[in-house]
2 protein chains.
Amino acid sequence: MAGRAAVPEVIWARPERTGRGPKPAFTRADIAAAAVRIADAQGLDGVTMRHVAAELGCGTMSLYNYVPRKEDLYELMIDAVGAEHEMFEPTGDWRADMLRNAEETRAIMHRHTWVPRLMPGVFGFSPNTLRYLEHCLACLEPLDVPAGTKTELIALLNGVVTTYTGNEIATAERARAMPWSAEEENAVRMAYLGSQIATGAYPRMTAAFTEQSGPVDLEAVFRRALERILDAFDPDLR
Amino acid sequence: MAGRAAVPEVIWARPERTGRGPKPAFTRADIAAAAVRIADAQGLDGVTMRHVAAELGCGTMSLYNYVPRKEDLYELMIDAVGAEHEMFEPTGDWRADMLRNAEETRAIMHRHTWVPRLMPGVFGFSPNTLRYLEHCLACLEPLDVPAGTKTELIALLNGVVTTYTGNEIATAERARAMPWSAEEENAVRMAYLGSQIATGAYPRMTAAFTEQSGPVDLEAVFRRALERILDAFDPDLR
DNA sequence: AGCGCACTACGTACGCTGTACGTAACTAGG
DNA sequence: CCTAGTTACGTACAGCGTACGTAGTGCGCT
């Protein structure tokens, strides 16, 4: 009856230390940093409670004193890389500022390629997430639309950045970590795609594929997508 | 040296049966259907090789005759639900047609709530994915832009649909499956958010939050996002 | 016709995961 | 000073993906 309550927890709401008992050996930041280090070096699958504990030099189960569930560890990681955002002074040009924010997010994801895989699952408003949102709203100050619309712009832009950069990274990662080379992988997939196209069942796709010359420039596609989204919110263009 | 080659495989390129030996007990469609049934009933985490095999009534390792890696099972699943797309006759109104496609994708995802979680990882061009792309291109026939731009439109739209519907589902799922109620969860999160806002560190967020009255209508936000993206590609609006 | 081999079927086993639980050491508050 | 709340962490368990070995089956070739 007086057992531990089955109550939801937001890790950010839980105090970092409580005063009684031995002093905690680590801070939350230590733990996040260790997990990020592992994820950067070995990929997200290397982030296990055992590995993080070993990286910190403590027993596996000691981690659970700081992080009640593994999911919370992920939340710590996302918050940690959120600190890498440069919260620059808004210039007054909201389009340029938001583009800069987007490019920076993309750069962070390329530094920490596990971020896009983690983003969808992480929901909480961590401290650095809140700081970033506030910064985006500051950049959007000159934009004369309701606050709700600004929120929608930020969400749409962030979603697209995550999706696109995630794709870029997935494409690049498939090369690494596989026992075969990127060329082989591509060759096999393209051979299959070619065989499908050759059946004539997909005439329009065939046209689209043969029309394009050379490999797709993913970065250019990304930037065009950003511009288009900004266009869609720009009152000067309607 | 003459061991099994470490060569990439596209499951769709691998023939479904080869004529020699005993007849396979299942088709790929059987397996996909079983996996989808489990995922619908128990969630994606219920989809394990053991469970799928049990659902089919065969030994766990027999599954590996049909599906070399679990990842391929996921690809089968995505392809299976792709068959639920209605490939209607294009009306000539590309905006309306693409909106219909997007809404249908959203409906499919709400029927199979595990799809958004799986989408980012699945890369291959499965038969039904190809059919759907072809159908989208057919819908975009009246749109007078280069083929590459059409592809970008489709990708952007699909990405947004996945992201938004994934969010809708994640929000709804958090209520289920948790040992606490959605109200409790929300209360705790909102209490934390309120405490953060109360610090005054995020004035613009505070304004945005207090300005809005009532809960956010996620579906309306979704539809606005779609319209904006279509706007961005509409030559009649530039 | 009959042999051989490619294929299906599947039990066992291994290394790994998240984490529940119990116990020992430690320190701040009453 | 005592005691209650913490930290620390070893052990244990259920479950995962899948490598490997063996037995049975039936098509294709000689």
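Each chain gets a letter, A, B and so on, in the order the sequences are listed, and its residues count up from 1.
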For atom OH of B/Y64 and atom P of D/dC16, their distance in whole Å: 11 Å
5' priority, DNA chain D, between B/V47 and B/K23 [closest heavy atom]: B/V47
Length of the CD1-C1' vector between B/I31 and C/dT8, whole Å: 12 Å
Distance test, side-chain N/O of B/R69 to OP1/OP2 of D/dT18, below 4.0 Å: no
Over all atoms of both residues, closest heavy-atom pair of A/Y66 and A/A25: OH-N, 2.9 Å
Touch class at under 4.0 angstrom, heavy-atom based, for A/A25 against every strand present: sugar-phosphate
Carboxylate-amine/guanidinium proximity below 4.0 Å for A/D45 and A/R117: yes
Spacing of B/L63 atom CG relative to D/dT18 atom C1', expressed in whole Å: 12 Å
Test: B/R106 cationic atom under 6.0 Å from B/F222 six-membered ring centre, within 45° of axis: yes
Donor-acceptor pair (no angle test) under 3.5 Å: B/R50 side chain, D/dG17 base: yes
B/N65 CG to C/dG11 C1', straight-line distance once rounded to whole Å: 14 Å
B/D45 CG to D/dA14 C1', straight-line distance once rounded to whole Å: 15 Å
Nearest-neighbour nucleotide for the A/R20 side chain, C/dC5, C/dG29, D/dA8 considered: C/dG29
Nearest-Å distance for atom pair CG/P, residues B/L73 and D/dC16: 13 Å
Atom pair distance, as rounded to whole Å: CG in B/L44 and C1' in D/dC16: 14 Å
N or O in side chain of B/Y66 less than 4.0 angstrom from C/dA9 OP1/OP2: yes
Nearest to side-chain heavy atoms of B/M49, which nucleotide of D/dT6, C/dG18, D/dG17: D/dG17
Side-chain N,O (A/S62) to OP1/OP2 (D/dC9) below 4.0 Å: yes
Touch class at under 4.0 angstrom, heavy-atom based, for A/T48 against every strand present: sugar-phosphate
Short side-chain donor-acceptor distance under 3.5 Å, B/T165 and B/H110: no
Contact nearer the 5' end of DNA chain D, comparing B/P68 with A/M61: A/M61
Salt bridge present between B/D72 and B/R69 (N-O < 4.0 angstrom): yes
